[in-house]
Structures are given as structure tokens and as C-alpha cells.
Amino acid sequence: MTTTALPSTDALRQRALDVLARLDAVPAEGRGVRARTPVTGESLLDLATTSPDAADEAVAAAHAAFLSWRAVPAPRRGELVRRLGDLLREHKADLADLVTIEAGKIRSEALGEVQEMIDICDFAVGLSRQLYGRTIASERPGHRLTETWHPLGVVGVISAFNFPAAVWAWNTAVALVCGDTVVWKPSELTPLTALACDRLLARAADESGAPREVHRLLLGDRALGELLADDPRVALVSATGSVRMGRQVGPRVAARFGRTLLELGGNNAAVVAPSADLDLAAPAIVFAAAGTAGQRCTTLRRLIAHEDVADALLDRLTSAYGRLPIGDPFDDATLVGPLITGQAHDAMRHALGTARAEGGKLLAGGGRRLADAAPAAFYAEPAIVRVEGQNGIVREETFAPILYVQTYRTLDEAIELNNAVPQGLSSSVFTRDVGEAELFTSATGSDCGIVNVNIGTSGAEIGGAFGGEKETGGGRESGSDAWRAYMRRSTATVNYSDRLTLAQNVSFL
Ligand code: UN1
């Protein structure tokens, strides 16, 4: 593994300030939220926390805006999102800079994240003319039965550091065309990216004639998320993060019969069958497991290789891991940037230690890089660990680049292993056998929300519904008909005859 040199914190701060200036989003200094960069591990700026009173006012403003926004025709609401998409195209490199500075993503992945935002805007604009309901055959003469989708209310979006902009865009672009307004509580670790997104949306609102209050931003810690969870004016809480966070948010929102859309942890596996094309599988596995420094909810964490191909595959993987360039995410040659914090690095070390104590064997990586150049930054070598069985640490999602490898003999056994963890987000099979591919994607195959054939577990397109089962939370965001979670269904029966006919042949009077 090679290592690339790092830029200075001053240079990164200046780069962030230049971007914010171009976006007219330079924040006032304040206290409570510290913008920092995992690239050097040092702080960039201190910003003000949103006070509980200001957060309450933000929800009130978003709720008041909802009452008028819901009456704007959906295709006109789409104009706002179209404009947002234009601005994102214009400032793609700017926003990607902030994503790299605050989340540590390599350039290509940061640009990909902004592309994902542009894609969902395009999707949502089209959707603004396709919020289709149904006409249902009524059992009564002279009656019409229809189902219409109406705007829902204020959507509280809680997002994580690892997709500091795209997850907001999935929720916000769709919520806005659905006639909802949004209050966003981003991760405390990525406030500058959030300010930039908020500012671009405010500009899009001004330029398209929409009220600015369709979107409000809250900066601060989890107390603000709790406020959204408890506030009855927030109709839907869409939360992305850990299972621990979901266990707190879910019941609080349910206690007031609010809606949730939960996008929680993944513990994603790839099955590599004997017929797999290893030239295709190996790079797909390396991207899915080591890309984004293992910090995607869709990151590949478990490899289930057939015993006939495991050694050949592991040779390729360990040799690719040995060559991974680690370091400055702004350097085009780098493929692995930093972990987000020292805590993330502690979690990785702890998981590797536990795996070894449980009988696992480290096959590659696991060390720390650049500790001398940047003692406060945490660059980790992506690790491969051979394990026997998947009890203990293998069942947990450690948000770091660790790939646990095990072998199988029959596909049924592989499917059982794929499904035998508490999480259910993404999964893959690498095979050239169509029967195996079909079985893996069938009702008796993978139990995950995302099931891929001959591609890795991460990097979903926005057109499909994104989310997973079991402890992943069950929510679906982004494409397909995920928009329905952001609307309320109204079933209307209209009697256009001059007779009263009761359903189920009931006679009365
Ligand atoms: C996440 O990690 O929270 O499928 C979202 C992917 C991306 C989204 C990941 N499109 O990897």
C-alpha cells in the first residue's frame, strides 16, 4: 500500500472558505458546532449551535410554509427542484470540495456524491408530473372510487456524516415535489456541507419564486434530532445512521403516531460462486469493501467465497489491497482517504482485536498510516480477516474497512450465511450460472432490500428504492415509488347517482 502526502489544515480551511464565499454561504463564527476535517484531523471553524427556541421556530416556519406549499401544483413545485439541480451542476466541484474536506471522500467519490444529488433532482422533477393515484372499481352503481396522494407535512431529515449531501438531496428533492417542507438536522461532523446545500436551495427558492421556508437547517447535536422526533408538527422523520440512533428515534416518533423512514446499519455480504469471473469480481469487491474507507452503509463487510475459488480470489484481493494508495483524498491517485474520527479508528482496532481473539486471521492491512504527518488524522489500511463462522464481531457493523472472509460449499449454505445477521441492507452474488443468480434474487434467496448480481454491494443508482430490512429499519428512499412515504393517501368514494346504496348490500331505513 502506498501513502500520499497531506495538505495543511490552513490550506483546507482556505479552500473551504473560498467555496463558501462562492456560494455566498460563509457562516458567522459562533460556539457549539466545530467544523473539522478528517484529512488532518484538525478544526476549521467554530459555528453557532441552533438553540432549542430557534429550532422550534424553524419547525413552526416550515409548518406554516407547508400550508401554502401543499396547494402549489406539483409540476410547479418541480420548478424549485429543477433550479436546485441546475445550481448543483454549476457548483458540482465546489460542493465536492466540501464533501472531501469534511467527510474525507476521495475526489471521484465526492463528485459522485454530488452527481447522485443531480440525478435525484432530475428524477424528482419528472416525478412532479407523475404522482399517480388509482381509480378503483366501485361495487356500487353510480359511484366512483379513487385514491389520491396528498402532501404530508413537515419532513424532519436526520443525516449522517458519510453521505453529508446526497442523503439530504434524496429526501429533500422528493419531499419538495410531494408538497412537503423540510427541516434538516445534518451530522455535527459535516456542518459546512450542510450550510452550502441549504444556501443553494435558498437560492433556488428565490429564483423559482418558492418560499424560503420550505427548508430550514438545524446545526447541533442529537438533542435537535430528538426535538424533531418529539414534535407533532413533524409528520415524517427520515433518519439515516446507526441502529442505535434508530432505536432511539423510532419509538419516540411512534409514541406520537408519527411516521418514520429509517435507513440504519448494513452488514452486507457478497457470495462468490465457483463460476464467477474473478477478473470482474475482484475489483468490484475491492471498491465495495475498501472504497469510501469502508464508511458506506452499503460497504461490503462479509465475503462468502466458494471453497474452490476462495484461495485464487484471496490472492487477487490481498495483492490489490497491498497496492491501495492511502492518503490525501484530494490527490487523484488516492483510493482510500481517512476515517472520520479517532473513535472510528478505535472501533476498527477493537473489531480487529476481537476478530483475532475469536480465531480470525488477519490476511491484509489493519495498520495505521500517516500518524507522524498528521497525528490527529486516522488513515487506516483496509483489512481482510479470514474467519470461521460468523458469531461475535462479524455480526456487527463496524464503520471501517474490514472485510471478513469465510467459505461455503453449497449455495443454500451461502444464502443462509448471507441472511444470518441482524441487518438486511445490501447483498451480491458473483456467478455466471443463471440459476444461481435467480435463486439468490428470489423469495428464498437474499433477505436484503438490495440484491445485486455481478456487481458489488455499494453504489446503488438513485432510480431504485434504497433501503433494507430487519435492523436496517425497513424504510425506502430515493427512486421507484419511495415517494409514497412522503405523501398521505386519500381514498375518496363519490356517489354521483341520486340513490343511496350501502356497501356490502347492507339495508338500513
Ligand atoms: C449510505 O451509505 O448511507 O449505494 C448511502 C450507495 C450510495 C448511497 C449510500 N448510493 O452506496
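The structure presented is a predicted model; accordingly, all values stated were derived computationally and were not measured. Heavy-atom basis, side chains included; hydrogens, waters and symmetry copies ignored. Both counts, for ligands and for their atoms, begin at 1 and track the order of listing.
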Worksheet item: Once the angle between the rings of W184 and W168 is folded into 0 to 90°, is it parallel (under 30°), tilted (30 to 60°) or perpendicular (over 60°)?
Response: parallel
Here the ring pair (Phe, Tyr, Trp, His ring centres under 6.0 Å) pairs for residues 94-113, sequence neighbours left out, are none
Rounded to the nearest 0.5 angstrom, the CE-NZ distance for M117 and K92 is 11.5 Å
task: Apply salt bridge (Lys or Arg N to Asp or Glu O under 4.0 Å) to the pair D180 and R77, showing each step before the final yes or no.
output: CA-CA 10 Å; D180 302 331; R77 299 193 294 248; over 6 Å; no
Residues pairing under salt bridge (Lys or Arg N to Asp or Glu O under 4.0 Å) where one sits in residues 291-302, two or more places apart or in two chains, turn out to be E109-R296
The protein residues that pass the under-4.0 Å heavy-atom test against ligand 1 are E116, N162, F163, W170, R296, C297, T298, S458, G459, A460, F466
Quick note, side-chain hydrogen bond (donor to acceptor under 3.5 Å, both in side chains) partners involving residues 452-465, not counting sequence neighbours, are none
